[in-house]
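Single-structure report; data block below.
Every number for a ligand or one of its atoms is a count from 1 in the order of the listing. Start at 1 with the first residue, then count along the sequence.
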Amino acid sequence: MERSLISGIAHSDHPIAAPVSAANLDKLLRRTRLREGARILDLGCGEAMWTLRALELFPGSTADGVDISAGALAAAAKDAEARGLGERIRLHEMGAAEFRAAEPYDLVLCVGSTHAFDGLTPSLRAIGQLVRPDGLVLVGEGYWETPPSPELEAEIGTYPDLAGLVAQAEEPGYRTVYAHTSSLGEWDEYEWSWTGSLIRWATDNPGADGDAALAAALEHRDMWLKGYRGKLGFVTLLLRRAS
Ligand SMILES: C[S@@+](CC[C@H](N)C(=O)[O-])C[C@H]1O[C@@H](n2cnc3c(N)ncnc32)[C@H](O)[C@@H]1O
């Protein structure tokens, strides 16, 4: 079973592909206070939940969404049409690092997608070429709440602590003007939805695909419950370029 199909099912009940609630997504977007007609770019947009909401909140704004997943972009296009936003968003199926634009953006998002640039620092350097000098960046990234064991770090990844992450984000020339640190409740909602949607689908679809979906869900759930639950944090930083 293709990984993208598994991911599509896993995100069906929590289409924000990050441990962030819809209410906190709204709070972060409202804090951008974008101007009328603002230009928005979402790198690794997935189903474009962040950007479609931004288009609803900021009249006259337009957006570009970039992702390598055809399935996620198809879901984004369908949702955009249903919400009457189809004319205001262009979706690009390509690697985020290859995206170029003639004009800079008021807001660039990269939430849970810095791997598209091989990490936070290269992401923020690349975004620096795409955002206006007075523009904003919303970047969502993991950090360790408590130092991981070597085994856990090898399995999940190398991240700094929260203070280290903020310092790393600011180093390429940004200032943190707001942020949201995801709560354990937001993580649990995300993970129970991710694993639960797959387990439900597997139960409804017996056979080879169902077995593969169940195995993926249980492997992920073990990694979470026996590994990173309560240890891995996620923060979404609202950054302003330092002039
Ligand atoms: C964790 S999801 C985050 C999606 C979205 N930002 C959100 O918060 O709902 C990561 C996304 O990055 C995309 N992605 C992975 N590698 C990429 C690349 N090289 N260029 C663009 N997108 C990429 C994946 O397809 C996926 O949709």
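There is a side-chain donor-acceptor pair under 3.5 Å between S61 and R88. Between the side chains of E186 and H180, a donor-acceptor pair is found at a separation under 3.5 Å. Under the 3.5 Å distance criterion, with hydrogens and angles disregarded, a donor-acceptor pair is assigned to the side chains of T176 and E170. With 3.5 Å as the limit, one finds no donor-acceptor pair spanning the side chains of Y143 and E141.
Hydrophobic clustering (side-chain heavy atoms under 4.5 Å, transitive across Ile, Leu, Val, Met, Phe, Trp, Tyr) keeps I89 apart from M94.
Using bins of under 30°, 30° to 60° and over 60° for the plane-to-plane angle, the ring pair W144/Y159 lands in the perpendicular bin.
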Check each N or O atom of ligand 1 against all protein N or O atoms and list the pairs under 3.5 Å, with atom names and distances to 0.1 Å, one per line.
from, atom 1, to, atom 2, distance (Å)
ligand 1, 6 (N), G44, O, 2.9
ligand 1, 6 (N), V111, O, 2.8
ligand 1, 8 (O), W50, NE1, 3.0
ligand 1, 9 (O), A17, N, 2.9
ligand 1, 20 (N), A96, N, 2.9
ligand 1, 25 (O), D67, OD1, 2.6
ligand 1, 27 (O), D67, OD1, 3.4
ligand 1, 27 (O), D67, OD2, 2.7

